[in-house]
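Chain letters run A, B, ... following the sequence lines, proteins first and then strands; every chain starts at 1.
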Amino acid sequence: MTNIQYLAPATLDEAVRAFAAAEGAARILAGGTDLLVQMQSGFAKPGMIVDVKKIPELMAIEETAGGGFIVGAAVSGATLERHPTFGKIWPGALEALNLIGSTQVQGRASFGGNLCNGSPAADSVPGLVAAGATVTIQGPNGRRELAVEDVPAGPGKTNLAPGEIAVSFTFPAHPAHSGDAYLRMIPRTEMDIAVVGCGVFLTMDGETCTAARVALGAVAPTVRRVPDAEAALIGSHLDDAALETAAAACRAACNPIDDKRGTIAYRTSVAGVLLKRTVAIAAERAAQA
Amino acid sequence: MTKIHVTTTINGEPEEFLCDPNETMLDALRNRLGLTGAKEGCATGDCGACSITLDGTLVCACLMLAAESDGHEITTIEGMAEGENLHPLQTKFLESAALQCGICTPGFLIAAKALLDENPDPTETEVRFWLAGNLCRCTGYDKIIRAVMDTAAEMREAAQ
Ligand SMILES: Cc1cc2nc3c(=O)[nH]c(=O)nc-3n(C[C@H](O)[C@H](O)[C@H](O)COP(=O)(O)OP(=O)(O)OC[C@H]3O[C@@H](n4cnc5c(N)ncnc54)[C@H](O)[C@@H]3O)c2cc1C
Ligand code: FES
Ligand code: FES
């Protein structure tokens, strides 16, 4: 084994400097539930590991005005679960993060790692996209902010530039009568990879849906937002016709792989079914919020 | 390779050791510290045989670097009994034959204790989901789940 370095800087500036200076030989370590598996198999052979969990900004959870939140990119699912209000306001985003792996994996897995690992089936990503979350990124050229849906670039690829680190996720203010939800379909009941994942956020005015965001995972090379499904829901009473139009839009957005977990036809069909089920949960939550 | 000096707390006792930068916590426990209770079943986070707690949170020791334990608190199966006195979960696993070969047992015990510390009155469904990341090739799970449920009931009674 060649020389490898482990750094755990206490500031973001130090982390960015070391990460950028290593020019691609370094890997960021958050919960390690992807990175260590890749190192064990020899798929990743980093010359430097930059552990970001000593940087306060990456580990903080801050509630902002009107039910908004800023969640550090390396906060674990277990930590977020223990937060007194996050899961009450954003239950869909929380359930998406905590569908990841086992209790042990949830003790470490983060939104930042799930997004930056770049899996098309990453469970928390459709939840983040549906919530309308943005990610703050810091790199050698300073800070920028991207919508979460603009980060994935293909299997294992993101639009982060070399040396850039995901710092935190910003959840917008949560309008009254809104709710989010995430559902996934897996062949087992636990510990499996999504065949389809669906995140939905809705705002209701009485019977009428006034805002909607829909995101699908595992049915295309990246997690994707489905604007046609959103358009079908907005202005409707979430009646059967509107739901069927939205489901058809989800099926049309699918460009999935064919594998042992699900054929193309199966994944496509399930995308429509999950849309309807996820909308029902989000609507129920919106009615109570 | 330059070794890293780690200062940590294991089962309540201060501990110092040197490790490689890419060494897992599981390897450090087993190979450097002589704590062989945590097992390696898969080394990829799937089986839970390496379960430990890190600052009270259940994690896989195979998916954590030893260097990350610096300044933190680790508990392993070796810290579960108090001297000769077994933890009620350990006693119940023995009494109800919730183990056969025993490879998975330290992981199940650590994971089950973490559950009962957080939730003394879990439903069977909660126990099954909580323990979904612990695999056992021998028992068929039922005895394990029942042992956890029975221990929880007895501990609640004893606490009254
Ligand atoms: C047993 C098991 C089951 C799993 N089940 C699921 C599942 O059901 N659903 C699912 O979606 N995933 C699953 N995973 C994969 C994994 O747990 C998740 O992707 C998790 O969210 C990764 O987060 P992490 O903090 O552990 O990331 P890490 O492993 O620390 O990092 C992942 C990648 O992202 C990079 N990275 C991490 N943080 C940052 C940052 N802040 N800025 C820039 N780059 C960063 C790392 O360099 C690495 O390449 C599973 C893994 C295991 C071992
Ligand atoms: S050895 Fe760690 S989960 Fe299997
Ligand atoms: S008792 Fe043998 S693996 Fe569980």
Side-chain angles (χ1 to χ4, degrees), chain A residues 1-10 26-27 29-54 59 74-82 95 98-110 113 186 188-193, chain B residues 1-6 19-27 38 40-72 107-108 110-112 114-115 118-119 122 125-135:
Chain A
M1 205 162 287
T2 47
N3 241 350
I4 168 166
Q5 256 186 301
Y6 168 85
L7 295 183
R27 292 291 287 273
L29 171 67
T33 59
D34 281 312
L35 183 61
L36 265 80
V37 173
Q38 291 164 15
M39 284 168 58
Q40 306 267 24
S41 70
F43 179 76
K45 295 194 182 83
M48 181 194 281
I49 296 166
V50 183
D51 182 351
V52 291
K53 294 190 297 298
K54 288 205 161 63
M59 299 298 281
V75 168
S76 73
T79 301
L80 199 56
E81 174 101 41
R82 288 188 204 113
E95 70 203 352
N98 280 339
L99 274 172
I100 292 176
S102 55
T103 317
Q104 286 86 340
V105 171
Q106 287 148 24
R108 305 264 292 166
S110 64
I186 53 174
R188 308 175 62 211
T189 49
E190 262 289 78
M191 298 288 282
D192 207 344
I193 299 170
Chain B
M1 200 173 329
T2 325
K3 298 256 193 249
I4 297 186
H5 180 233
V6 175
C19 67
D20 291 328
N22 58 351
E23 183 170 330
T24 64
M25 190 70 221
L26 182 59
D27 284 342
E40 179 175 297
C42 66
T44 51
D46 293 295
C47 76
C50 65
S51 296
I52 59 169
T53 67
L54 166 65
D55 298 332
T57 296
L58 184 66
V59 302
C60 293
C62 72
L63 294 187
M64 170 184 172
L65 295 177
E68 292 183 68
S69 68
D70 192 73
H72 293 279
F108 269 104
I110 286 284
L115 170 63
E118 206 167 280
N119 178 2
T125 304
E126 284 170 336
V127 174
R128 286 186 184 271
F129 270 102
W130 183 276
L131 296 177
N134 290 84
L135 303 186

Do the side-chain N and O atoms of [X] and [Y] include a donor-acceptor pair separated by under 3.5 angstrom?
{"X": "A:Tyr6", "Y": "A:Asp51", "value": "yes"}
{"X": "B:Thr57", "Y": "B:Asp55", "value": "no"}
{"X": "A:Gln106", "Y": "A:Asn98", "value": "no"}

Which portion of [X] sits near chain A, non-hydrogen atoms under 4.5 angstrom:
{"X": "B:Leu65", "answer": "both"}
{"X": "B:Thr24", "answer": "side chain"}
{"X": "B:Ala114", "answer": "neither"}
{"X": "B:Glu118", "answer": "side chain"}

ask   = What part of A:Ala78 lies closer than 4.5 angstrom to a heavy atom of chain B: side chain, backbone, both or neither?
value =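 Only the side chain of A:Ala78 comes within 4.5 Å of chain B.
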inquiry  = At a 4.5 Å cut-off on heavy atoms, which part of A:Leu7 comes close to chain B: side chain, backbone, both, or neither?
reply    =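 The answer is neither part of A:Leu7.
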ask   = chain A: which of B:Val59, B:Leu54, B:Asn134, B:Thr44 shares the most heavy-atom pairs with it under 4.5 Å?
value =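 Of the options given, most contacts go to B:Val59.
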Contact check, side chains of [X] and [Y], non-hydrogen atoms, under 4.5 Å:
{"X": "B:Glu40", "Y": "B:Asp27", "answer": "yes"}
{"X": "B:Cys50", "Y": "B:Cys60", "answer": "yes"}
{"X": "B:Trp130", "Y": "B:Leu58", "answer": "yes"}

query = When only pairs under 4.5 Å are counted, which of A:Gln5, A:Lys53, A:Met39, A:Gln38 shares the most heavy-atom pairs with chain B?
reply =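 The answer is A:Lys53.
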